[in-house]
Amino acid sequence: MGYDTQNDNTAPYEYFSILIPIIGLFFGILNYRNVECNGQMGFWKLWYKALKFYYLAVSWRYL
């Protein structure tokens with residue numbers, strides 16, 4: 001249903017799978033900003049937290 005090993009083609013709906021980690025990243029950082037930082041967050045702190053969330057989202061597959 002997605003990846004075909006003979007033709008090596010990717011189905012178009014597989015490109016939408018990137019939305020799941022992006023939406024999770026958005027809501028995770030939004031919650032952190034509103035709860036922990038009282039609604040204010042600088043660029044570099046945001047960048048650092050985004051990388052941490054992204055690392056967790058990607059690395060869970062390898063555990």
Side-chain angles (χ1 to χ4, degrees):
M1 191 173 117
Y3 188 73
D4 185 12
T5 57
Q6 293 178 356
N7 295 336
D8 197 28
N9 292 332
T10 303
Y13 59 84
E14 289 183 6
Y15 292 111
F16 292 112
S17 66
I18 192 67
L19 292 177
I20 295 170
I22 288 175
I23 291 171
L25 181 66
F26 173 76
F27 284 114
I29 291 175
L30 183 69
N31 184 42
Y32 178 78
R33 184 194 72 171
N34 291 337
V35 174
E36 298 291 327
C37 298
N38 297 325
Q40 294 184 350
M41 190 173 192
F43 175 77
W44 292 112
K45 193 169 188 177
L46 173 70
W47 182 256
Y48 177 70
K49 291 298 176 184
L51 288 178
K52 283 175 54 176
F53 279 121
Y54 179 74
Y55 174 74
L56 290 174
V58 171
S59 65
W60 71 270
R61 294 177 15 176
Y62 302 108
L63 294 177

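These values consider heavy atoms only, across backbone and side chains, with no hydrogens, waters or symmetry-generated copies.
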Exercise. Is F26 reachable from L19 through a run of hydrophobic residues whose side-chain heavy atoms are each under 4.5 Å from the next?
Worked result: yes
Exercise. Between CG of L51 and CG of L46, what distance do you get to the nearest 0.5 Å?
Worked result: 9.5 Å
For this session: For R33 and M41, work out which heavy atoms get closest and say how close.
Result: CG-CB, 3.8 Å
Problem set entry | Common cluster, L56/W47, ILVMFWY with side-chain heavy-atom separation under 4.5 Å | no
